[in-house]
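Only one structure is covered here, and it is reproduced in the block below.
Only heavy atoms go into these numbers, but all of them, side chains included; no hydrogens, no water, no symmetry mates. The shown structure was predicted, so the numbers you read here are calculated from the model rather than taken from an experiment.
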Amino acid sequence: MHIATLILTFSLPGCGSLKEKRHRMGGLHARFGNAPSVAVCESGERDRHDASEWTFVIVGLSKREVESQCSQIEEKLERTVDARVMNIEREFI
C-alpha cells in the first residue's frame, strides 16, 4: 500500500468574499472526493478571500499508480479551477 499527500496552494486574485471563493473553488469534493482512493479537504486559508489551500490524500497499490493519480489531479486542477496554483507539495508516506 502506498500513500501520498498532495497539497496545493491557490491564489484567487480579485476574489471579494467567501461566497465567491466557494463558487470559484467549488466542486473539488464532488470531482475528486468520490474516488475511493482519494480524500480531499480545504486544509488552509479557510477565512481568506484571496487564497485557498487544499490537501488530497491518495492511496494505491503501487507508487506508480499513486504518482499517476497525483499528476492527473494537478493537471485537472490547473485546467478547471478559476485560481492560480501558487505551490504544489507532494509527499509519500
**Report entry** Salt bridge present between Lys21 and Glu45 (N-O < 4.0 angstrom)
**Finding:** no
Looking at every non-hydrogen atom in both residues, tell me the closest pair between [X] and [Y] and how far apart they are.
{"X": "Arg24", "Y": "Val81", "answer": "O-CG1, 4.0 Å"}
{"X": "Glu67", "Y": "Arg90", "answer": "O-NH1, 3.8 Å"}
{"X": "Ala83", "Y": "Met25", "answer": "CB-SD, 4.0 Å"}

Membership question, hydrophobic clusters at under 4.5 Å side-chain separation (ILVMFWY): are Val85 and Val38 in the same one?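 Same hydrophobic cluster.
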Handout entry: Leu61-Val66 co-clustered via ILVMFWY side chain contacts under 4.5 Å
Key =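 Different clusters.
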Inter-residue atom distance [X].[atom1] - [Y].[atom2], 0.5 Å rounding:
{"X": "Trp54", "Y": "Ile7", "atom1": "CH2", "atom2": "CD1", "answer": "13.5 Å"}
{"X": "Cys70", "Y": "Glu91", "atom1": "SG", "atom2": "CD", "answer": "11.5 Å"}
{"X": "Ile58", "Y": "Glu65", "atom1": "CD1", "atom2": "CD", "answer": "11.0 Å"}
{"X": "Leu77", "Y": "Phe56", "atom1": "CG", "atom2": "CZ", "answer": "4.5 Å"}
{"X": "His23", "Y": "Ser17", "atom1": "NE2", "atom2": "OG", "answer": "10.5 Å"}
{"X": "Glu75", "Y": "Thr80", "atom1": "CD", "atom2": "OG1", "answer": "11.5 Å"}

Only residue of Ile88, Leu8, Ile73 satisfying side chain to side chain contact (heavy atoms under 4.5 Å, CB included) with Glu78 is Ile88
May I ask you to decide if [Y]'s main-chain N or O and [X]'s side chain share a donor-acceptor pair within less than 3.5 Å?
{"X": "His49", "Y": "Gly16", "result": "yes"}
{"X": "Ser68", "Y": "Arg64", "result": "no"}
{"X": "Arg84", "Y": "Ser11", "result": "no"}

Hey, is CG on Asp47 packed in by over 12 heavy atoms from elsewhere, all under 6.0 Å?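 No, CG of Asp47 has 12 or fewer neighbouring heavy atoms, counting only those of other groups under 6.0 Å.
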Tell me, with the steps shown, if Phe92 and Ile3 meet side-chain contact (heavy atoms from CB on, under 4.5 Å). CA-CA 6 Å; Phe92 285 85; Ile3 302 170; over 6 Å; no
